[in-house]
Amino acid sequence: MAEKMCPSCHKPLKLRESGYPMGSAFLKADRVHVDIYECPECHGIRLYSADSDMVTCPVCGSVHSAKEACAICAMNKAFDEANK
């Protein structure tokens, strides 16, 4: 993968967080995962589509970071237990 460069000061960006979930877990079509990069020089933040550490839930089929549990399945379980 090519090194990501800061468009402002042209220094190499440093990966701060990979596969960070953004958007609502309730609207799984609108939920995206991004890699967060920071410039060590100007401290600018850049977001890129996550390109690693992503898995597909075998139960519901949603895509999420390998670092987190499936939010859709967790909510479904919580709703099921609340309605018992």
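Cluster membership check: I45 shares its hydrophobic cluster with V34, using side-chain heavy-atom separations under 4.5 Å among Ile, Leu, Val, Met, Phe, Trp and Tyr. Tracing side-chain contacts under 4.5 Å through hydrophobic residues (I, L, V, M, F, W, Y), one never reaches Y37 starting from M5; they form parts of separate clusters. A continuous path of ILVMFWY side-chain contacts below 4.5 Å connects M22 to I36, so both sit in one hydrophobic cluster.
Looking at heavy atoms from C-beta onward, C39 lies out of side-chain contact with S8 at the 4.5 angstrom threshold. Side-chain contact between P12 and K4 is absent, with no heavy atoms from C-beta onward closer than 4.5 Å. Side-chain contact between L47 and D35: absent, with no pair of heavy atoms (C-beta onward) separated by less than 4.5 Å.
For the atom pair CG of N76 and SG of C60, the computed distance is 7.0 Å after rounding to the nearest 0.5 Å. Atom-to-atom distance recorded for C6:SG and H43:NE2 is 11.0 Å, nearest 0.5 angstrom. A distance of 11.5 Å separates NZ of K11 from CD of E3, quoted to the nearest 0.5 Å.
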